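Every chain is numbered from 1, with letters handed out A, B, ... down the list of sequences. Keep in mind it's a predicted model, so treat the numbers as computed, not measured.
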2 protein chains.
Amino acid sequence: MKSIPLPAIRRYPLYLRRLKAYRMGGTLWVSATMLAEDLGFSSILVRKDLALTGLEGRPKYGFSIDPLIGAIEESLGWNNRTDAILVGAGNLGSALLGYSGFAQYGLEISAVFDSDPAKIGTKVQGVPVFPMEKLTDFIGRTHIPMAVLTVPAESAQRTAEQLEDAGIRGIWNFAPAKLKLSDKVVVQRVDLASSFAELSSRLKKDQT
Amino acid sequence: MKSIPLPAIRRYPLYLRRLKAYRMGGTLWVSATMLAEDLGFSSILVRKDLALTGLEGRPKYGFSIDPLIGAIEESLGWNNRTDAILVGAGNLGSALLGYSGFAQYGLEISAVFDSDPAKIGTKVQGVPVFPMEKLTDFIGRTHIPMAVLTVPAESAQRTAEQLEDAGIRGIWNFAPAKLKLSDKVVVQRVDLASSFAELSSRLKKDQT
DNA sequence: ATTATATCGATATATAGGTATCGATATTGA
DNA sequence: TCAATATCGATACCTATATATCGATATAAT
């Protein structure tokens, strides 16, 4: 099982969406050429990405859709369910909980933790909210591997350390802060500022 | 004014955050080495990124913080205010509106548009909600350059076309859909699925 | 005054990832 | 049956970006 380069991994969800859309329309075969045109990539790139799944295509036809979907999902680990907790039930946290699309990735958020006493005991989007004091114990008991971090920037580092100590293995970090943790924990950052910086820059360049 | 590579642009907001934190602490000078250690980058990379702003450092001292902040903000275009509208006042849209950090980037959301009649006339996080029918007219009158797109995937393409026709120049797309527009419009995608794919993959690799 | 040191900045090198080329193969249509 | 075609898959190439090396410079310490 050779490792797939990250840029390809990041494109996989795009392929999956298109493939599932084709599938809904009743299509059974898809070529790298077709996918490439729909997504605005070069067909060579797509062909290479698909080859990384280990699947073989068929000249003149392309790839059989169902096995392809399966292969991509397996490459991503999305064929198995991943349990997670969410820490920080603010605006963004609630919005993420309300997004039903996560189920597609196998992501299942089973508990929410927050420091605000007013929220404890309530439910956000159907998921119960627990106090931060119960965090360590909960992770220890359930061996939940992943945490979605949606706390304010100021408390991000502190909370992340708490998560690490409790034994969490992956953190999806939405807080605008760079976390410094041991490399036992995988941290994936979603940085809106970086994204907006790119947009600003491209717009600026465009108008010159 | 030579163009700065996108990977550097994406790192600029991280530098800015650190620099402002130093500034708060009263520090006046910062070296590429220090920034690099705090952010987990190589010092050579940071030095090169900073050089791209056009500023000169001082041996043994590094860079003077205030001019550096200014230079980075100017490179990003964040010293000028960017007006934008937000389309789609759902969970995510409201959460983004509630995030006060955008002001730091010069981003100012002045109006919200939504197709739900129940929301028209109300305010979300203090910003008034207008019906979709008024979208084209509003953009035409105000010449607002940017739109934040937080509608469901199904209506993303349709709405984006409407935005293009109305004359929008940049779209910050949070909908899980690849937009097909003319290249007159700059589209910046925030794809949670791609981000989660990367996290899944790194976690999987890690446990082997 | 002289030496040691931390940093910058320029040049050179390495690597990852994307792109182009081309032969091989299966299917379609004449 | 045979030619035309669309695709795959392997190899080779190219470009962007990150990393390494090294001399230059200003400050601080001796």
Side-chain angles (χ1 to χ4, degrees), chain A residues 2-15 18-19 22 27-69 71-72 75 178 194 197-198 201-202 205, chain B residues 2-15 18-19 22 27-68 71-72 75 178 189 194 197-198 201-202 205:
Chain A
K2 69 231 155 267
S3 88
I4 298 170
L6 282 180
I9 291 284
R10 282 193 285 262
R11 285 186 291 269
Y12 275 5
L14 307 184
Y15 298 144
R18 293 306 313 153
L19 291 172
Y22 296 146
T27 315
L28 294 177
W29 292 87
V30 67
S31 71
T33 317
M34 194 191 308
L35 264 177
E37 267 172 20
D38 276 12
L39 291 170
F41 297 141
S42 99
S43 65
I44 306 159
L45 178 65
V46 175
R47 195 167 300 124
K48 239 176 159 182
D49 283 349
L50 301 188
L52 289 166
T53 62
L55 239 62
E56 299 224 326
R58 191 166 138 193
K60 189 103 174 183
Y61 264 57
F63 295 80
S64 180
I65 286 197
D66 287 339
L68 187 52
I69 291 178
I72 293 179
S75 297
K178 172 92 186 181
S194 290
E198 192 175 336
S201 163
R202 290 169 57 203
K205 198 174 174 183
Chain B
K2 70 233 156 267
S3 87
I4 299 170
L6 281 181
I9 291 285
R10 282 192 286 263
R11 285 186 292 268
Y12 275 6
L14 307 184
Y15 298 145
R18 293 306 311 152
L19 291 172
Y22 295 146
T27 315
L28 294 177
W29 292 87
V30 66
S31 71
T33 317
M34 195 193 306
L35 264 175
E37 267 173 18
D38 276 10
L39 291 170
F41 296 141
S42 99
S43 65
I44 306 159
L45 178 66
V46 175
R47 194 166 302 123
K48 240 177 159 179
D49 284 350
L50 301 189
L52 289 167
T53 62
L55 240 61
E56 299 223 326
R58 191 167 137 192
K60 190 100 177 189
Y61 263 57
F63 295 80
S64 179
I65 287 197
D66 287 338
L68 186 52
I72 294 180
S75 297
K178 172 92 185 179
R189 198 167 51 89
S194 291
E198 193 176 334
S201 162
R202 289 169 58 203
K205 197 173 175 184

**OP:** By nearest nucleotide on DNA chain D, pick out whichever of A:Arg47 and A:Lys60 is the more 5' one.
**Re:**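 Final value for this comparison: A:Lys60.
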
Subject >> Upstream residue (5' side of DNA chain D) when B:Pro5 and A:Gly57 are each assigned their closest nucleotide >> reply: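 Looking at the nearest nucleotide for each, A:Gly57 comes out on the 5' side.
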
Hey, does [X] reach any base, or is it just sugar-phosphate, or nothing, if we go heavy atoms under 4.0 Å?
{"X": "A:Ile44", "result": "base"}
{"X": "B:Ser43", "result": "nothing"}
{"X": "B:Ala8", "result": "nothing"}

**OP:** Answer yes or no: does a side-chain N or O of A:Tyr61 lie under 4.0 Å from OP1 or OP2 of C:dT25?
**Re:**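 Answer is no, no contact under 4.0 Å.
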
**OP:** Drop me the distance from A:Phe63's CZ to A:Arg47's CZ, to the nearest 0.5 angstrom.
**Re:**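 The CZ atom of A:Arg47 is 8.0 Å from CZ of A:Phe63, to the nearest 0.5 Å.
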
**OP:** With rounding to the nearest 0.5 Å, note down the distance linking CG in A:Leu19 to CG in A:Leu50.
**Re:**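 Between atom CG of A:Leu19 and atom CG of A:Leu50 there are 7.5 Å.
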
Original post:
Does anyone know the first and last nucleotide of DNA chain D in reach of chain A, 5' to 3', at under 4.0 angstrom to a heavy atom?
Top reply: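 Span of nucleotides near chain A: D:dT5 to D:dG9.
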
Subject >> Nucleotide C:dG17, atom P - distance to CZ of A:Phe41 in whole Å >> reply: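 Interatomic distance, CZ of A:Phe41 to P of C:dG17: 15 Å.
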
Original post:
Between atom CG in B:Leu45 and atom P in C:dT13, what is the gap in whole Å?
Top reply: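 Rounding to the nearest Å, CG of B:Leu45 and P of C:dT13 are 20 Å apart.
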
Subject >> A:Ser31 side chain vs A:Gly62 backbone, donor-acceptor pair below 3.5 Å >> reply: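 Answer holds: no.
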
Subject >> Candidate list B:Ile65, B:Asp66, B:Ile72, test side chain to side chain contact (heavy atoms under 4.5 Å, CB included), partner B:Leu68, passing option >> reply: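 Single side chain to side chain contact (heavy atoms under 4.5 Å, CB included) partner of B:Leu68 among B:Ile65, B:Asp66, B:Ile72: B:Ile72.
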
Original post:
A:Asp49 pairs by side chain to side chain contact (heavy atoms under 4.5 Å, CB included) with which of A:Thr53, A:Leu45, A:Val46?
Top reply: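 So the option named by the test is A:Leu45.
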
**OP:** Let me know, please, whether B:Val30 or A:Arg58 comes out on the 5' side of the other along DNA chain C by nearest nucleotide.
**Re:**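 Result of the comparison: B:Val30.
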
**OP:** Assign each of A:Lys48 and B:Leu50 to its nearest nucleotide of DNA chain C by heavy atoms, then name whichever residue's nucleotide is nearer the 5' end.
**Re:**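 Nearer the 5' end of the strand: B:Leu50.
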
**OP:** Can you see which heavy atom on A:Ala197 is nearest to which on B:Ile9, and at what distance?
**Re:**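 What the structure gives for the nearest pair is O-CG2, 3.5 Å.
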
